[in-house]
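First up is the structure itself, then whatever we jot down about it.
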Amino acid sequence: MTVSTPWRLVVRRLSLIAVLLMAGLLLSQLTVAQSDPDKEAGFAVPAVDADIWRQVRSGDTGPNYRDSRADSNYNLVNASGETWRQWRNQWVSPYGLIVLGGMLAMIAIFYVIFGRKALDEPRTGRKLLRWTVLDRSLHWSVATLFLVLAVTGLNLLYGKFVFKPLFGDALWASMISGSKLLHNYLGPIFSILLIIVLAKFLKHNLPKKHDWEWFKKGGGLIGKGHVDAGFANGGEKVWYWLLASVGLLVIASGFVLDFPNYGQARDTMQWANLLHAVAALGLTAVAFGHIYIGTLGTEGSIEGMSTGYVDETWAKEHHNLWYEEVKDSARDETELASENVQRHPPDNPATDRPG
Amino acid sequence: MRLTRKSDMSSATGLGISRRQFLKRSGAATGGVAAVGFMGNTMMQRADADDGKTPVLDAPVETKRTVCSHCSVGCGVYADVQEGVWTRQEPAFDHPFNRGAHCAKGASLRYHGHSNRRLKYPMKLVGGEWQRLSWDEAIEEIGDKVRELTDQHGPDSIYWLGSAKFNNEQAYLMRKFAALAGTNNTDHQARICHSTTVAGVANTWGYGAMTNSLNDLQNSRSIMFIGSNPSEAHPVAMQHILLAKEKSQCNIIVVDPRFTRTAAKADSYVRIRPGSDVAFIWGLLWHIFENGWEDQEYIDQRVYAMDDVREEVSNFPPDVIENITGVPEDLMYDTAKRLADNRPGCVVWCMGGTQHTTGNNNTRAYCILELALGNIGKSGGGANIFRGHDNVQGATDLGLMSHSLPGYYGLAEGAWQHWASVWDLDYEWLESRFDQTEYADGKPMHSNGITVSRWVDGVLEQEEDISQRTQLKAMFYWGHAVNSQTRGPEMQKAMQQLDMMVVVDPYPTVASVMHGRTDGVYLLPAATQFETYGSVTATNRALQWRDRVIEPMFESKPDHEIMYLLAQKLGFANELCKNIEVNGTEPLIEDITREFNRGMWTVGYTGQSPERLKTHQQNWHTFSFETTQAQGGPADGDYYGMPWPCWGNPEMGHPGTPILYDTSKPVSEGGLTFRARFGVEHDGTDILADGSYSRNSELDDGYPEFTADMLKDLGWWDDLTDEEKQAADGRNWKTDLSGGIQRVVIAHECAPFGNAKARCNVWTFPDPIPKHREPLYTSRRDLVENYPTWDDVSSHYRLPTLYRSIQEKDMTGDYPIILTSGRLVEYEGGGEETRSMSWLAELQQEMFVEINPALANDLVIQEGDMVWVEGAEGGRVRVKAMVTPRVAREVVFMPFHFGGIFQGENLESLYPEGAAPYVLGEAANTATTYGYDSVTQMQETKCTLCRIEKAS
Amino acid sequence: MAQMKFMCDAERCIECNGCVTACKNANEVEWGVQRRRVVTLNDGESDEVSISVACMHCDDAPCMAVCPTDCFYKTDDGIVLHDKDLCIGCGYCLYACPFGAPQFPKQNAFGERGKMDKCTFCAGGPADSKEEEYEKYGANRIAEGKLPLCAEMCSTKALLAGDAQTIADIFRQRVVQRGHEDGAWSGNARADADNLAYDAAQEG
């Protein structure tokens, strides 16, 4: 079975979107002039003396600050608002695009230069169970949610430059409100699942000595021969630990933004928003790499995550240490195929057993 | 001013309506909200959040001209009405008082046309439950009870507590109603507002009202606010005040125990100890006399007994003043110099000056200061007394008081005869309505009735100590907020002893929930002033005509109609409306105006006919914003609203008197002299004016008030027409119903009331020269010996009144902190009406107490903590602490507009369904204490003692 | 074309909150949302100052720049309006706004805030009918040649609204008057300087 064709399509589309976004960004860069809230405030509230004015601009309220709004915790002037806007609009938004676009470009170049990493040896036809149903369901749930969140997130950041002019207000309205709803409601589900995944895969991803070798050899790109790798190779561990750090950051900042009912301050939400955007954009970029390697870039990988089984050859070449551990449980392809018709693969394979 | 401050807020707290209340009140409609409640903080706290916006209509717009009903500034309003719905409120840029401007209350007037927290139909309390009645049933039952009580205990057993929220016609009719019911037990909020002003000022120079106008403040070179905070109480007046500051560099001085919003705009702020006003004024005068800053020529010509003042003031050198008031010498000197250097200047006072046991002394001291500076009777000068309610001036003038008939005629036989003839009623019949027994104060017909401030004691006092047949048995709270009165716990006790309570009001008011009764309470829904029409008198004595904006909402009826219905039931409707047309059961407003026009000669409410008032109303744009005088147009030359005295009858066309006692104008054009109210001599000294007279006056010296005989002596008698002669013979300027005497006197450019000196010595008062006396509950025990209060009085306004026996007890051990009270801009009076308006209620959701940071630290209290404030008589309120430098370390402040929570107990469930205000809170006056002015029975709200503890 | 602006003369603002309720009166915004607020700095101290704040209709409006749905637009009069049909309640405009103008009817889990609401300079907003416009955005006084009710009703004429040039002139004149002994309070200049909530209709 082959899944590479649809993925290729996705990648193509993504790159198309990236180009469009780049174009939109350039446009927006032209229109975003430097705003001057000081000027606005200076016009709006003249007749206060210099001391008071300094106080107002600093956003510092002092103990005897009162507001006629019953539940307001806003200063007279939101001193950090403009900073947030500048960070978001002048840095995060354009550089996010550059990072995403750059990642796609690098993948494309890599693909052009190195092509697909095919198996060196022919397949043995004997299969090893690599991902249980639970693993796969978790992975694909998290992956799907990740993609939905990425797409809706990107829409929140860039969509207005592309789709609003493209589709008109009516369609855009439902598109963007749908994006926000999906993002806000799926985010917490993603968070929970990701944490489960991280917990579940932790033991495979504990750093080992041979991982260092793996990095030194660029995962096998540098020099000849295969590098040592256990269940997870060095690259996968990096991805894991990125998710375990930056991913959790995204989750935490996301919760700050998603649950304003806990009374967090406007300033807190500004920072959360910046962290969330930067971290999520970074993860998205890395996810492009993960997706590439897992699908188009490496022969045989996607089989593991789709069927649960990998070929002995694939295991030997990519995860030799793991192969050594589990080679005895290899089963014949045909046997599995016939079994598959009758029942699902066992839920509790050797790979999951401790020791 | 809001309670919550930035640092302690989370959006989940700080709301007056709790989530629980919200859910409880709004019921099923908010199920969805409840479902997500645990994760959400919807801001939609408003209970009727689903009642929607005003419909957008295409129907033709009718624009009504009305006047704000929230304070006495008298702001004009354009109300747009479509299909009977008040759809828009537009600023009246052409109105001479406010030029379209409004404070929070005025800017939300339209809500009156949409408020659904109203009392909707007559109700009575049966077994603790509110039962709906028809109007007929209600009038029948209430009337029967009134009859029964009258038969059993005499007419004085029923108290007719009226309102400053009435228009002039209703206030007048209410007083007449009480008279015909045979009692003087009627009063209104002026008693607890400016009664000490009216008494003190009128006894100084003739009339007890604001001498100049808000507009004229623009001409002041200095304005001293003492016990007045217009930024919150009269915000639109600040427009004129700030213009004075900007136009003529007017010096604004604020003297107050509290750093108010007005103080924030002042050039100089002076913090005094509550209750030290007289001493403070004497301290200023000490410097004025010391430096020869007084206007000696003015004093010689127009002031009597300033030397007596000099003598008293000499006892108050700077060190004594600092000891009493807390103001250091240099600040006193600076203040005195500002006043002396910047003339004409004026003094403005409000409740901070009046609501004291020594209120009458305070108000007279202020007057004396202005007399010494020669500021009275001048543009830019004056004693500018800002009145409170929209029509408290009018209701006072129209005699809705226990000690007078309309027009300050008093209660003597002559006064009754005057009004009997105006009413076209037989004097003997009137007399027969009253209890004929003679009590300690005399016959009830001629003795001052119980005051609104004391009705509680009128119920609770021993029968033999009351100067009438029995205690009060029934109370009518006709437009009154009981929580604006002191001594809450005792009030509750009094309510429980009554046979019947009747609340007549657009809103249920605190009276309907705090009584702790299960029966014998009636609620009658009254219409607001936007649902009726008539005249209203602003603080500057100008009368304005209000249009009816909308028809009475729900089943409410205008007050004058309710009076008629009750009179009908009680059997004197024909007498009440003898010369007043009645349509159905509603007396014709214009006829009531015309009737009081015929009798109000003393204060010149005689020239303002409904027709002239309506002409003014329709021509706002022709009146000047600077002078209030019409420039061209149908009212050419008139001052807006014909500020009283508007002499003679309407045909005479007197323009009104914009500035009292202003001798620079002829009387016919609004000039005036000081009134010769106190005879022609005192202790052998001539007290008529000396060489001072109004412009063009044919008498160029002082003269007494005019009588028919005086006209004859002067040879002016034949200026009268034959008819006038017939009516005027044997009468004087006050009792000549033809107006002839006034017409002829003014033709000779004299003041009908004479031309005398103002007097600093009011020999009829307990303190002829104002004296500093320590408050009953003073924190300065060391001063009591030198400045003690008066001895107890066995009967004053029919009741024993305590002074010394209260001051004697040293309460400072348990109650070391001075408690004062005041108002907020968003609410008015007891606040039931304004707290029922969501646009306003949203701005002030919690009752609070202001505590100085140092005191808060001493008490270990932080901003936002709940605290118990316990008054020196044991009344306790549970309120939120606001830590602020507005108040001094030894003083705490509470706003008095809250109600519906009583000593920690929430009374919300006791309101008739759907009629509870949006915001409830402890009433400040639950914690206030005993203390009544020695002349007027004004209550003491501004200076008592308390202690504060953190509530658990 | 006029560039509409608000200006609050802090020398005159007395925190009476008239502007706040005038806004309620004109627009009937629900409980919890106050398009205009008054803040007081140094309350109770000698340098106490109060300032009325709402949306200032910035030239380069931060809310517009950060809105993910691009729901804001600027009218020819320089008024910043927004389309509630497009608003998703994300709160970004609130993060960015210098004046705390954007408000949301609720503040619930999952970022459920409802549609953002802010001052419209009494210029309504995009809608198919008058009824819908009033329901969603409140009054459209600008269309009737009137100015925002808050400024028109300001108790001391502290809050000015109108063309930026005009109100700046009014303010400048006041400053001159304050600095001079009765200076500039003569002749017609006075009428102009004093006529603060002037009628936009007269401006043509």
Side-chain angles (χ1 to χ4, degrees), chain A residues 32-37 39-41 43-49 51-52 55-56 61-62 64-72 74-79 81-82 84-85 88-89 155-157 159-160 164 169 172-173 176-177 179-181 184-185 188 257-261 263 266 269-270 273, chain C residues 5-12 15 17 20 32 34 36-45 47-49 51 53 56 58-62 65-70 83 85-92 94-100 103-104 107-113 164 168 171 174-175:
Chain A
V32 172
Q34 281 288 318
S35 86
D36 192 352
K39 194 197 88 193
E40 294 292 346
F43 185 89
V45 193
V48 290
D49 68 31
D51 285 340
I52 296 274
Q55 188 186 338
V56 167
T61 52
N64 293 311
Y65 175 91
R66 313 264 167 196
D67 190 330
S68 63
R69 262 187 213 160
D71 57 349
S72 172
Y74 307 148
N75 299 339
L76 171 61
V77 166
N78 172 12
E82 184 59 17
W84 174 78
R85 170 195 173 178
R88 180 183 181 274
N89 283 16
N155 195 27
L156 285 166
L157 192 54
K160 68 172 170 177
K164 193 172 181 249
D169 280 4
W172 169 239
I176 189 70
S177 68
S179 289
K180 181 235 178 191
L181 277 174
N184 283 4
Y185 282 90
L257 294 166
D258 209 10
F259 293 88
N261 48 311
R266 184 173 51 185
M269 290 195 277
Q270 288 165 356
N273 176 271
Chain C
K5 287 284 178 193
F6 284 116
M7 181 189 274
C8 178
D9 183 346
E11 291 276 314
R12 285 203 182 180
E15 206 232 346
N17 290 331
V20 182
Q34 288 167 352
R36 187 164 274 290
R37 63 183 171 136
V38 182
V39 298
T40 301
L41 302 161
N42 306 326
D43 182 282
E45 301 174 66
D47 54 351
E48 174 180 318
V49 61
I51 298 164
V53 203
M56 295 299 183
C58 302
D59 292 339
D60 169 26
V66 300
C67 177
T69 78
D70 205 17
D83 187 339
D85 289 344
L86 280 179
C87 176
I88 56 173
C90 66
Y92 288 4
L94 167 64
Y95 305 163
C97 177
F99 303 106
Q103 285 179 98
F104 299 86
Q107 191 168 294
N108 288 352
F110 302 104
E112 291 289 2
R113 293 180 167 94
F171 181 72
R174 284 191 195 174
V175 172

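Every chain is numbered from 1 and lettered A, B, ... according to where its sequence line falls, protein lines coming before strand lines. Just so it is clear, the structure is predicted and the values come from calculations on it, not from any experiment.
Atoms CG and CG, from A:Asn184 and C:Asn108 in turn, are 12.0 Å apart once rounded to the nearest 0.5 Å. To the nearest 0.5 angstrom, A:Phe259 atom CZ is 10.5 Å from C:Glu112 atom CD.
In this structure a side-chain-to-backbone donor-acceptor pair under 3.5 Å is present from A:Arg69 to C:Gln34. Side chain of A:Asn89 to main chain of C:Ala65: a donor-acceptor pair is present (N/O by atom type, distance under 3.5 Å, no hydrogens or angles). Judged by distance alone, with hydrogens and angles left aside, the side-chain atoms of A:Asn78 form no donor-acceptor pair with the main-chain N or O of C:Gly100 at under 3.5 Å.
The contact between C:Asp85 and chain A is made entirely by backbone atoms, counting heavy-atom distances below 4.5 Å. Heavy atoms closer than 4.5 Å to chain C are found nowhere in A:Leu157, neither backbone nor side chain. Of the two parts of C:Val66, the backbone and the side chain both hold a non-hydrogen atom closer than 4.5 Å to a non-hydrogen atom of chain A. Only the side chain of C:Ile51 comes within contact range of chain A, judged by heavy atoms closer than 4.5 Å. Only the side chain of C:Val20 comes within contact range of chain A, judged by heavy atoms closer than 4.5 Å.
For the set A:Gln270, A:Lys180, A:Arg88, the entry with the most heavy-atom pairs within less than 4.5 Å of chain C is A:Lys180. Residue with the most contacts toward chain C among A:Asp169, A:Ile176, A:Leu257: A:Ile176 (heavy-atom pairs, distance under 4.5 Å). Interface check for chain A: of the options C:Cys97, C:Cys90, C:Gly91, C:Gly89, the most heavy-atom pairs under 4.5 Å are formed by C:Cys97. Ranking C:Met7, C:Arg37, C:Glu45 against chain A, the residue ahead of the rest is C:Arg37, based on heavy-atom pairs under 4.5 Å. Between chain A and the options C:Met56, C:Arg36, C:Lys5, heavy-atom pairs under 4.5 Å are most frequent for C:Lys5.
The side-chain hydrogen bond (donor to acceptor under 3.5 Å, both in side chains) test applied to C:Tyr92 returns A:Asn273, not counting sequence neighbours. Qualifying side-chain hydrogen bond (donor to acceptor under 3.5 Å, both in side chains) partners for A:Asn155, counting only residues two or more places apart in sequence or in other chains: A:Ser179.
A:Tyr65 pairs with exactly one of C:Thr40, C:Asp43, C:Leu41 by the side-chain contact (heavy atoms from CB on, under 4.5 Å) rule, that one being C:Leu41.
In plain terms, the two heavy atoms of C:Asp70 and A:Lys160 that are nearest each other are CB-CD, 3.7 Å. Across all their heavy atoms, A:Trp172 and C:Pro68 have their closest contact at CZ2-O, 3.4 Å.
In this structure, the side chains of A:Pro188 and C:Phe110 come closer than 4.5 Å at one or more pairs of heavy atoms.
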